[in-house]
Amino acid sequence: MHTPLRYTGESLKHTQTVARNGINQQLHPYIPAPDLVQAVNLAMLLERPLVLMGEPGCGKSLLAKAVAHELHGSELFNHYEEWPVKSTSRARDGLYEFDQVHRLRDATASSGDVTDMERYIHYGPLGKAFKSSTAHNKRCVLLIDEIDKADIDFPNDLLNELERMEFDIPEMKLDASRPKAGTVRADFRPVVIITSNSEKDLPDAFLRRCLFHYIEPLDEATLRDIVSARYYKEAATTDPLLDDALHVFLQLRKTIQAEVLSIGKNISTSEFLDWFSALKHFSDQEETGSEAPHVQRLVVEVEKLKARDLRQVPFHHILFKNIHSVLRFHENAGR
Amino acid sequence: MKTPAAEIPLPLYRLFAAVRQLDRQAGHQTVDMPSYFLLLETLQQGYGFNSQEELLMLCEKLWLKPHHRNNPVLNREVLHRLFRETVDIPFLPDATSTAATAADFGTPPPPTFTPPTLPPDLETPVPPSRQDVEISRKSGFFSLHIGKAPAHGTPENQLATTLEDTLKAPSWLLKSTCYPVAPRRMEQHFRSLRFHEKSAARQEIDMDATIAHIARNGYFDHFAMKRASRQTTRWTLLIDNSDSMAAFSAFGEEMAHILQQRIPGNKGTTLYFRNIATEQLYSHRQQPGFVPWNRFIRAPAKNILLFSDAGAARGFYNEDRIIATVQMLEELKPHKVAWLNPMPKHRWDGTSAEMIAQFCPMFEIAEGSPDEMAHVISLFKSKIARNA
C-alpha cells in the first residue's frame, strides 16, 4: 500500500517559473487556508474527486496548479491537465475524439494506414490524465473547471469513468489485429479537482462520490501574505500602501456583505490583487518621478487611498464589475 | 468466544444515522451507506484519530455537500452540534494540539487499525437509525420534528434530550425553500419527457448518410442533408391559487420558474385557477390576463400537471366541488393529466381529495426513492390515458 500523497501548501509561497512546451510560465503565490489543505489531503487519501465552490475569484481553479506544482515541481505540466467546461461540453469530449474526417480523407486518398485507429484518436483532458498517471508519485492532477456551465446531465455522464477510472473506445475495437486495444485504464487514480460556481445544482449521485469544500473569503493575514509574496521582496512588508489597501478592501467587502450599498456581487481576492497591482504600479511611478501628465493624474488618484474613505476609492472600476455596482458607488460617493 | 455480529459497536453510526435522516428530510440522498463505509475505511487507514477536529473534518467532507450550505435542516452548524453531542472519544491531549495542523497530515497515521476506546453507552448504536433521532414529517412540506428519546438508560436519555433540544428550535421549521423534492430533481423530471421535434425549415448535415453515400459511390460529391431537430417538452402547469394553497405557493412558483427558465423549448405554459377551473384560466397569479377554458381544452394534446390540494386542506367533503372537479376532468380528457397534491396522502381521507383521486391519478409530493414526482413522469411516459 502506498503512502498517501501529501499537500502542505508550502511550495508555492513565492512566484515560480515553470516551463510549458518550452515557454516559461509564471506561477503566482498560492497560499491556501489550513482547512483547504486538509480537504485536498483527504481527497488524495480517499482517492475521490474534490468539488470546490466559493465566490468567483477566490482561487478555486488555481488550487489544481498549486497542488500539481507541489507534487511534481518543475515537471508540473507533464502531470497536469485542465478541462475548461463550456455550455456545449459533452462528457465524451473529455475522453477522446475520433477524427472521422481524417480517416475518410486517408481512405479516399489512399494515404496512410487507415486500420491504425490510434492515429485518429485525440485524447481529451480526462483521457490524457488517465494515460499519464503511470505511477503512484506520477499521478496526474486534473482540473475540471466550472462543471456547472455544462448541461445538467453532464456530471452524471462522467460517473462511470471517474469511478472505474477507465473507458472504452469503440472505434479501436474495430481493429481485429489488436483485441486488447480500445480500453483506456488509469494505472493510478489521478487527483481530480472540480470547480463550480453554483450556477446549476450538481446531481446527488455525482456529489456522493466526491468530497466537497467551500472556499471562504480570505482573512486579512492571508491576504497580506499573498500580496507580500507577490509584490514585495521581503516576506513581512510594512508598506503603508498595503495597510491602506487592505483596510479599504475589507471595509468595502464588509459593507457590501451587509447589503448597505446593495452592490450585488461582492469583491473577491482576484479583484483585490488586480486593484493592488494598479495601486502599486502608480505608487512606484511616484517614487521614480514620472512627469507625464496622465501618469501624474493617476499618481494623485492613488494618494486618495490614504484617507481610507470608502466614497473616494481610487480605480474603483477594477473592483466593481457591473454597472449597477458602479452606479451605486457613485451614488454613495455623491452623498 | 466470538462477539455476535449484531453486538459489534459501529463507530459513529448514530451520528451517521442522524445526518442521513436529516439529509433525506432536506430532500437529498447524498448521505448513504457507501459514505459510511468510506468513513470506516478512512478510520482504518488511521485518519481521524489525532483530534476531534480531524474526525469532525472527516465527517464534514464525507457528508456535507453544496446543497447543505445554508440549508435550514442540515448544515455545518447542525453537523457540528450533532457531532459534539454524539461523539465523546478521548483523544490524547498532545495529539489534539499537534495533529490538527495541516502540516502534520499524513505523518502520524498508525499502520494498523486500533479503534479508540469508545464510551459504550454513547457509541453503541444498535438498533440503528430511526430510534436515535426520529424525524417525523407532520406534513409533506415544512416540518422538522425531533423527538422520541430512547425509553431507558440514563446516558441515552441524556443524549436524546440534548439532541432534541438542539434541533427542535424551531421544532416546526417554516421555510419555503425547504422543498420535499429538490428543484434540481424537478428540473430533471420535467426534462425527462423531452422528445425530438423536427424543424420544418432548418436543415443540417446528415453525417451518417454522407459517409454511406461515399462508401457506396467511392467518391464524395455532396453532403446529404436532413431536417434539423430540437428537443422539446409539452408541459402545462395548472396551479390552484386559492387561499388554501397559500402555504404551497412557493413550491408552485418554483415549478413554474423551472418550466419557464430552465426547460428550453417547452411548448406549454403555466396557468392559474381558483379551486376549480371552469370558465377561464389566469396567465398570472395576480390574474391580469386570462385564457378561456374552452380554448384551452381544445388546444393540441399536452401533459397537464394540476397542482392543487383538491380540498384536502379544508378537511371535509364538498359535494359541489367534487362534482365540478369531475366535470373539469372530463373536459380535460383529450390530454394527459396528473394531479400533484401538496397535502400528505393521509390527509386526503374524509375530504374532497379522497373522491377526486378516484377520477384522476393523484400524487402527493414526498421524498423517497423514487420520489412521487417520478411516478408522475412514469404516468406521462406510459400510454395509459386518463381514466383508462
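Just so it is clear: chains get the letters A, B, ... in the order the sequence lines come, proteins before strands, and each one is counted from 1.
Within the 4.5 Å cutoff, the side chain of Asp153(A) has heavy atoms near those of the Arg191(B) side chain. Proximity of Arg208(A) to Pro34(B): side-chain heavy atoms (C-beta onward) are separated by under 4.5 Å at one or more points.
For the atom pair OH (Tyr47(B)) and CG (Leu46(A)), the distance works out to 9.0 Å, reported to the nearest 0.5 Å. Here the CD-CG distance, from Glu53(B) to Asp35(A), works out to 12.5 Å after rounding to the nearest 0.5 Å. Rounding to the nearest 0.5 Å places CG of Leu211(A) at 9.0 Å from CG of Leu58(B). With rounding to the nearest 0.5 Å, the separation of CD in Glu60(B) from OH in Tyr214(A) is 14.0 Å.
Among the candidates Met44(A), Arg209(A), His213(A), Met53(A), the residue making the largest number of heavy-atom pairs closer than 4.5 Å to chain B is His213(A). Of the listed residues (Arg69(B), His68(B), His67(B), Glu187(B)), the greatest number of heavy-atom pairs within a distance under 4.5 Å of chain A belongs to Arg69(B). The candidate with the highest count of non-hydrogen atom pairs below 4.5 Å against chain A, out of Leu64(B), Asp32(B), Val31(B), is Asp32(B).
The number of heavy atoms from other shown groups lying within 6.0 Å of CE (Met225(B)) is above 12.
Among pairs with a residue in residues 43-64 of chain A, none fulfils ring pair (Phe, Tyr, Trp, His ring centres under 6.0 Å), at least two apart in sequence or across chains.
Looking at Pro203(A), the atoms closer than 4.5 Å to chain B (heavy atoms on both sides) sit in the backbone and in the side chain alike.
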Check step by step if side-chain contact (heavy atoms from CB on, under 4.5 Å) holds for Arg48(A) and Leu38(B).
CA-CA 11 Å; Arg48(A) 297 270 165 150; Leu38(B) 190 60; 3.6 Å; yes
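Scored by the ring-ring contact (aromatic ring centres under 6.0 Å, His included) test, Trp235(B) finds Phe190(B), Phe380(B) as partners (sequence neighbours excluded).
In this structure, Met57(B) and Ala39(A) approach most closely via the heavy-atom pair CE-N, 3.4 Å. The two residues Lys65(B) and Leu207(A) come nearest to each other via the heavy atoms NZ-O, 2.8 Å.
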